[in-house]
Each structure stands twice: as structure tokens, then as C-alpha cells.
There are 2 protein chains.
Amino acid sequence: MQRATGRGAAAAAPRSVDVARLAGVSQKTVSRVFNDEQYVSAEVRRRVLEAAEELGYRRNNAARALASGRTRAIGVVTLGTALYGPASLLMGVERAVRDNGYALRVVNTVEGDPAGVAGAVGSLLDQGVDGIVISEPIDERGRADTQDPQDTQATQDTQATQSRRDRQDAADEGRRRQEAGGSTRLRVDVPVLVLSAPSPVVAPSVLTAGHGADRMARVATEHLLRLGHVTVHHLAGPQRWYAARDRLEGWRTALMTHGASVPPVIEGDWSAASGYAAGRALAADGDVTAVFAANDDMAIGLIRALTEAGLRVPQDVSVVGFDDIPVAAFVTPPLTTVPQPFDAVAQEGLRRLVHVIENPEAPPLPASDPPADLVVRASTAAPPVRRNRAR
Amino acid sequence: MQRATGRGAAAAAPRSVDVARLAGVSQKTVSRVFNDEQYVSAEVRRRVLEAAEELGYRRNNAARALASGRTRAIGVVTLGTALYGPASLLMGVERAVRDNGYALRVVNTVEGDPAGVAGAVGSLLDQGVDGIVISEPIDERGRADTQDPQDTQATQDTQATQSRRDRQDAADEGRRRQEAGGSTRLRVDVPVLVLSAPSPVVAPSVLTAGHGADRMARVATEHLLRLGHVTVHHLAGPQRWYAARDRLEGWRTALMTHGASVPPVIEGDWSAASGYAAGRALAADGDVTAVFAANDDMAIGLIRALTEAGLRVPQDVSVVGFDDIPVAAFVTPPLTTVPQPFDAVAQEGLRRLVHVIENPEAPPLPASDPPADLVVRASTAAPPVRRNRAR
DNA sequence: CTGAAAGCGCTAACAC
DNA sequence: GTGTTAGCGCTTTCAG
């Protein structure tokens with residue numbers, strides 16, 4: 001392909017040689033200036049910058065990537081939903097990626113698509129990225145420990161430049177997943193960060209962050225227990241989501257730790273509508289005095305159903321949500337809920353991911369647990385002295 | 001840079017020549033197969049695909065971009081907020097971009113950042129994209145027609161291929177913004193699609209889509225008027241947002257068309273908290289019987305304040321929201337609101353953007369207006385017969 | 001401190 | 001139908 005030259009047509013974009021010519025230096029020197037390398041005299045640097053500015057020069061990223069083997073981009077796999085949690089996390093990731101000097105490439109997985117995460121990761125690998133963030137993956141099959149041949153597979157390839165840890169992983173052939181059907185294998189040869197879930201892929205370097213919703217769920221449940229409720233019901237999120245399972249686990253742990261009975265779980269789909277449906281069922285059960293909903297939307301739907309059934313929140317039934325969505329403080333009654341530290345999780349995760357990308361030889365940075373807070377508002381109170389039936 | 005070769009170390013990623021060698025064809029033929037070009041015999045194609053699969057071959061996108069001058073990527077500039085509207089629009093854009101066979105690159109603008117949209121667009125241009133989507137840009141200075149030297153600048157190259165509407169924009173030299181400080185100008189030399197706002201940049205080809213919130217706001221306001229309200233108050237969004245101005249405009253138009261008085265506007269910041277504050281002020285005004293809030297979050301905060309002040313919604317005051325967020329149907333009372341056609345806007349916008357990218361010479365595709373619906377729930381009703389003071 | 005030469009892996013003409 | 005030849009605009013050696 002020849003550079004466009006026709007007059008009349010917009011001039012082709014200036015290249016580094018053009019800048020070099022104008023500044024009276026070699027092309028390599030221009031490259032040095034733009035890469036902030038040392039050993040360039042201040043005078044030359046100034047001249048180069050000036051020439052570049054005059055020409056409106058902009059580095060060609062494709063050429064850079066081709067020559068250097070690095071894209072300076074990080075890909076993120078998201079769920080393609082505008083739900084408050086995932087959307088907030090994505091925004092946090094964008095900011096963290098940018099703060100670290102990388103560009104962001106986004107691919108959504110379509111819920112229900114069998115290719116799922118594997119397909120999205122593949123597409124990112126096609127585009128070229130130096131690292132991948134998988135945000136809140138779901139597992140079409142259900143439980144985390146399920147062996148799922150349809151799930152993401154990955155073979156791996158050690159490079160000469162892998163870290164200790166990577167080499168270990170690479171050596172661990174047992175981890176290598178064989179494709180069930182025998183079609184192509186997905187090679188993930190860049191570091192991966194998995195947010196709010198255990199890793200669904202095997203890659204040279206896998207980090208996880210924000211996988212602590214269980215602790216937060218425990219705090220929420222214990223708040224209710226401490227208020228005097230005999231036990232706490234749980235309106236769970238769809239169990240394909242690791243995030244939903246985490247919360248359920250935390251709830252169960254809290255109940256068991258406190259010797260409370262573990263009532264059957266109701267599973268919603270994160271929507272207020274599903275919370276509403278669950279609320280109608282729960283309202284029929286006179287024993288229910290406290291419910292921990294896996295997100296605020298469901299909690300709001302739940303409260304509406306309870307209210308319509310003539311139950312007062314919190315006098316008759318206490319409800320705790322999860323997320324602390326923007327309207328949580330303004331619904332009726334204002335919702336007691338657990339705020340999620342999306343930005344903190346994204347920031348810390350990215351700091352660690354970038355560290356691995358840029359220092360493959362160095363030991364990975366340690367992870368730290370995000371805080372588990374609770375915002376107490378007006379949807380929770382002590383249980384009613386006694387309702388219609390004795391327990 | 002040399003390809004890694006050490007034995008023991010994993011082989012470097014396979015290239016098309018490797019595939020060619022294995023398949024016993026030329027490298028160009030491999031390229032043909034992967035680009036779905038014609039004139040490749042079925043037999044050869046099969047052999048190539050097989051060899052590629054065996055090697056785990058993956059095209060190098062940087063090389064492709066460098067050689068072809070096309071990145072097959074579209075960049076989107078977003079606001080970096082998890083607000084329901086912007087987040088939904090982003091998801092719609094992602095899907096539309098992917099459906100069109102492009103990759104997505106995302107850059108957020110930081111609200112309040114002077115570089116703003118210009119900086120984000122520049123970063124996208126650095127990365128290399130074939131087209132840019134600017135989603136709900138805001139204008140730090142306020143009104144749309146304000147001359148803002150700090151805002152996005154762009155030089156333009158009108159092409160012979162503009163639509164009527166686009167050509168108008170481009171021809172309108174008055175809109176061309178000169179840089180205040182005299183530093184470099186931002187050259188946007190790829191087509192741009194601006195969502196839910198008039199264009200803040202001048203580029204060779206500028207399209208707009210989803211810029212019809214005024215019609216929807218009009219419908220919302222008229223619903224209230226038709227219910228018998230003498231006038232309708234407006235709780236506006238921050239006026240730096242074009243989306244907020246559009247809604248205000250639609251509201252005002254509806255009032256004027258119907259000969260209703262135009263009460264002073266209260267400006268919120270999209271948050272439920274700001275809606276709550278506005279609600280307290282409005283509650284003190286005995287004449288208020290109907291309020292159109294520029295989004296649902298504010299409407300919810302507003303309703304809470306009204307309720308706390310002893311006013312019943314909708315018996316004393318009717319409230320209409322905007323967006324139809326997931327919980328809108330489940331708050332108390334269920335909210336009458338205007339759903340936004342995010343996916344439709346994104347899809348149509350992208351279809352047109354991709355058309356311009358791939359057929360620069362052809363006339364642009366026509367835009368179509370999205371529908372303006374209204375979901376009537378329980379937050380609106382006829383005004384009270386009369387309240388404390390006569391009008 | 002600076003420069004020359006050699007690719008990175010692919011697509012784009014143009015032969016055959 | 002298929003192969004050959006040149007680059008795309010950088011970064012990377014390796015010389016000075």
C-alpha cells in the first residue's frame with residue numbers, strides 16, 4: 001500500500017521521519033524523544049517536539065505494536081449489562097487502566113452464549129492486548145467446582161520471559177485443560193485478572209481480586225441476627241454468577257456460625273421484578289422476619305411485595321440489600337445495604353496486573369482484602385415481638 | 001526485535017508463513033483464506049484452515065492494521081459514570097460495534113477535566129480507530145451555543161459525502177472553535193457519531209443519533225397537562241449535559257404549546273439526593289401539582305421528600321420520571337416514566353457510522369427518529385380539586 | 001549522546 | 001487460482 005499523495009486529498013498523516021527531517025535529526029532520535037528515553041540532549045528534544053507539534057505528528061500505534069510486540073492495551077471481558085454492579089466495576093476498570101497508561105478494549109459476553117468467556121477472551125487475543133481483565137464471569141453450568149467442558153479452556157505456552165510463578169503454572173500440566181470436543185484450543189498467553197470470582201481460565205499468570213463478597217454478606221446477615229432475628233432468609237442472585245454464590249456462602253456461614261437455622265434459599269435474577277415475586281412468596285410465610293437480598297434492586301421489589309401484602313418494613317420484616325445503588329437511600333423505607341468497593345477493587349487489581357505485565361520476572365504483588373461495610377438505614381429493625389403463629 | 005527462538009522456551013506465536021509452510025501454499029494464500037477472499041479452491045482453503053488450527057494460528061492485528069491502514073476498531077468516548085442512561089447506552093454501543101464486526105476501544109472523560117472530550121478523542125486517535133462514537137458529551141460551559149475555547153477543538157475537512165444535515169453542521173463555520181491558547185489543533189480525521197447531543201467536534205464526517213429527548217420530554221409533560229394539571233414543574237438535569245437541555249427544551253415547548261405558564265426550573269445533578277433537595281423546596285410551594293423530573297433517580301428522591309412533607313403522590317402531586325430504570329416499577333408509588341431506546345439508538349447510529357467508514361463515497365444513510373413512549377404507572381393522576389390557595 | 005540497518009507480520013498491487 | 005515483490009511506520013540491535 002502506497003501512502004496517499006494526491007493533492008486535494010487530505011495529506012497523509014505525518015510520520016516520524018517527517019518529524020526527523022524537519023528537526024534535522026535521525027528518525028531514531030524522534031523515537032527516542034517520544035519514548036522518553038534518556039540520552040537525548042535537551043536542545044534536540046525541544047527541536048523534535050517542536051517539529052512534531054508543527055506537523056501534528058501522532059505515533060502510529062499499530063507500527064509500534066508490531067515492532068515492539070506490546071500493544072499497551074488491556075482487554076476487559078464484561079457481561080454486557082447496565083446493572084449497577086457490573087457497570088460500576090467497568091467504569092472503575094476503565095479509570096484504573098487509563099491511570100496505568102494503558103488503553104482499554106472491551107468485549108461483552110452474551111449471557112447464555114455457549115462460547116461465553118472463551119469467545120470473548122479469544123476476540124481480545126485477536127485484537128492484541130497485553131493483559132486481560134475478566135469482570136464477574138458467570139458459569140453457565142452452575143456451581144464453581146463443576147467440571148465444565150463447555151467452559152473456558154486454555155492451553156498455555158511458557159515464554160522465555162515468564163515469571164517464576166508463570167513457569168510453575170506452565171509446568172503444572174495437570175492444570176492444562178483438554179478440549180472436550182476436540183476443536184481448537186484457546187491459548188491465553190497474557191496475564192489475566194479475574195474480578196469478583198475465582199478464575200475460569202488457565203493462563204500463564206492469573207490474579208484474582210474483589211472476591212470477597214462472602215465477607216460482606218456475612219456482615220449483612222450478622223447485622224440482622226444481632227438485631228434479634230431468629231434467622232435470616234436469603235433472596236439470592238442467579239447462581240450462575242460467582243458473585244451470587246459468594247453472597248449466598250457468606251449468608252450461610254453467618255447463620256451457621258451463630259447457630260441459626262438455614263432456611264431454603266429463593267433465587268432471583270437480580271431484577272426488582274424477581275424480588276417482587278420472591279416477596280409475594282415470603283409474605284405468605286408468617287415466620288419470615290428478616291431477609292437479606294443479594295442486591296438492592298431485588299430488595300426494592302421485595303419490599304414492594306411485602307408492603308402490598310400488608311407487612312410493614314421494618315416493623316414486621318427487616319430487609320437488607322447489597323450494592324448501595326444511588327437511590328437506595330431514597331426509596332421507602334431507605335434501604336440498609338452493603339456498599340461495594342468497586343473502584344478500590346479495580347484499582348488494586350489493575351495495579352497488580354500491570355505489575356505482572358511489566359515485571360514478569362518479579363514476584364507478584366500481594367492482594368489485600370477490601371473492607372466490608374454496612375450502611376444502616378431504615379429497612380432494618382428488631383423483629384416484631386411475635387406474629388401470628390408461635391415458633 | 002528478533003523472534004524468540006530458545007528451545008525449552010515455548011515457540012513464539014505462529015505466523016502466517018508457518019501456516020503456509022505447513023499447508024504447502026504461499027503466505028499470500030493463507031492471507032486470502034483468512035480474509036475470506038474469493039479465488040481459493042475449497043481444497044486449499046481446507047488445508048490452510050487445518051494447518052492454522054494445528055498451529056493455533058491467530059492473525060496479528062497490529063501487522064494487519066499497519067499494512068492496511070485500517071484498525072477495524074471503533075472508539076467510544078463515555079462519561080465514566082455508572083448512571084443507568086450512560087451505562088445502558090455504552091452496552092448498546094458495545095453490542096452494535098461487535099455486531100458490525102468491529103472491536104471496541106473505550107475512553108472515559110473525567111467530568112470537570114478541561115481537556116475533556118478533546119483529550120479523550122485524542123487518546124482514541126493515538127490508539128488508532130476507524131471511527132469514533134461520542135456518547136452523551138457534556139459541555140463544561142453550560143449552554144450549547146456558548147463559545148467555549150477550552151472545549152473540544154477540531155479542524156475539519158469537509159468531504160463531498162455529507163448528508164444534508166451533516167453538511168449543514170460542517171458548513172457552519174461559526175461553530176468552528178479555535179483553540180484559545182494557540183497550541184496544536186486536534187485533527188479528527190475519522191468519521192464521528194455523536195449520541196444524544198449535537199456534535200461538539202468538527203470532523204470529516206459527523207453523524208448524530210438519539211438526539212430526540214426533547215420529543216420524549218414533550219410527551220411526558222403533555223401527559224400531565226392532559227391529566228388536568230394547570231402547569232408542570234421541571235426538575236432538570238445538570239445543564240452542562242446536552243441530554244438535560246434537550247429534556248428541558250421539550251418540557252418548555254409542551255407548556256408553551258398548550259398555553260401553560262412556565263414555572264422556574266430547578267436544576268438537579270441526576271442524583272436521588274438532588275431530587276430530594278428539590279422535593280423539599282417544591283413541597284413548600286402549595287401550587288405545585290405536577291413535576292416532570294429529568295431522570296428516575298431524581299424523581300425517586302423527589303417523591304421521598306414530598307412524602308415526608310405529608311404530600312401524597314399522586315393524589316396531591318403527580319411525578320413523571322425519565323429513563324425507566326429497572327426499579328421504576330417497584331418503588332412506591334410505581335413510577336410513570338419515559339423509557340429510552342438505548343439499544344435502538346446505538347444500533348442505528350452504528351449502522352450509519354459503519355456505513356460511512358466503509359463507503360466514504362456513498363451518501364450517508366438517513367437517520368430515523370426513535371419512538372417517544374411513556375409508561376404510565378401510579379405516580380401520576382389528575383390534580384387535587386384545589387389545595388390551600390386559589391390560583 | 002546519535003545514527004544506520006534490519007526487521008516485526010501482514011496486505012496490496014501485480015505478475016503468472 | 002496462486003505466487004512475488006514491496007512496503008506499512010515503528011522499535012531494536014549494534015555502531016560510532
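In what follows, every chain begins at residue 1, and chains take the letters A, B, ... in the order their sequences are listed.
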side-chain hydrogen bond (donor to acceptor under 3.5 Å, both in side chains) partners of A:R352, counting only residues at least two apart:
none
Sugar-phosphate, base or nothing in reach of A:N35, heavy atoms under 4.0 Å:
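Sugar-phosphate, backbone atoms only, no base.
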Using a cut-off of 4.0 Å on non-hydrogen atoms, how would the nucleic acid contact of A:Y57 be classed: base, sugar-phosphate, or nothing?
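It contacts sugar-phosphate atoms only.
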Quick one: salt bridge (Lys or Arg N to Asp or Glu O under 4.0 Å) partners of B:R47, sequence neighbours excluded?
B:E43
Excluding sequence neighbours, so at least two apart, what forms salt bridge (Lys or Arg N to Asp or Glu O under 4.0 Å) with A:E358?
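Checked A:E358 against salt bridge (Lys or Arg N to Asp or Glu O under 4.0 Å); zero matches.
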Atom-pair distance ([atom1] on [X]; [atom2] on [N]), nearest Å:
X: B:D126; N: D:dG9; atom1: CG; atom2: C1'; value: 15 Å
X: A:D18; N: D:dC8; atom1: CG; atom2: P; value: 11 Å
X: A:N61; N: C:dC8; atom1: CG; atom2: C1'; value: 14 Å
X: B:E37; N: D:dG1; atom1: CD; atom2: P; value: 14 Å
X: B:R21; N: D:dT2; atom1: CZ; atom2: P; value: 19 Å
X: B:L66; N: C:dG9; atom1: CG; atom2: P; value: 12 Å
X: A:R70; N: C:dC8; atom1: CZ; atom2: P; value: 19 Å
X: B:R47; N: D:dG1; atom1: CZ; atom2: P; value: 15 Å

Using OP1 and OP2 only, check whether a side-chain N or O of A:R15 sits under 4.0 Å from D:dG9.
yes
N or O in side chain of B:S16 less than 4.0 angstrom from C:dC10 OP1/OP2
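Yes, within the criterion.
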For nucleotides 1-5 of chain C, give me every protein contact, N/O to N/O, under 3.5 Å, one pair per line with atom names.
| unit_1 | atom_1 | unit_2 | atom_2 | d |
| --- | --- | --- | --- | --- |
| C:dT2 | OP1 | A:S41 | OG | 3.3 |
| C:dT2 | OP2 | A:S41 | N | 2.9 |
| C:dT2 | O4 | A:R32 | NH2 | 3.3 |
| C:dG3 | OP2 | A:S26 | N | 3.1 |
| C:dG3 | OP2 | A:S26 | OG | 3.1 |
| C:dG3 | OP2 | A:T29 | OG1 | 2.5 |
| C:dG3 | N7 | A:R32 | NH1 | 3.4 |
| C:dG3 | O6 | A:R32 | NH2 | 2.7 |

Determine all donor-acceptor pairs shorter than 3.5 Å in which one atom belongs to a side chain in residues 119-127 of chain B; sequence neighbours excluded.
| unit_1 | atom_1 | unit_2 | atom_2 | d |
| --- | --- | --- | --- | --- |
| B:D126 | OD1 | A:R58 | NH1 | 2.8 |

Give a yes or no on whether the backbone of B:R64 and the side-chain of B:S68 come within a donor-acceptor separation of less than 3.5 Å.
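Yes; at least one donor-acceptor contact below 3.5 Å.
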So which atom in A:T71 and which in A:N61 form the shortest heavy-atom distance, rounded to 0.1 Å?
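So the two residues come closest at O-ND2, 4.0 Å.
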Not counting sequence neighbours, list each pair that qualifies as a salt bridge (Lys or Arg N to Asp or Glu O under 4.0 Å) and has a residue in residues 68-79 of chain A.
A:R70-A:D130
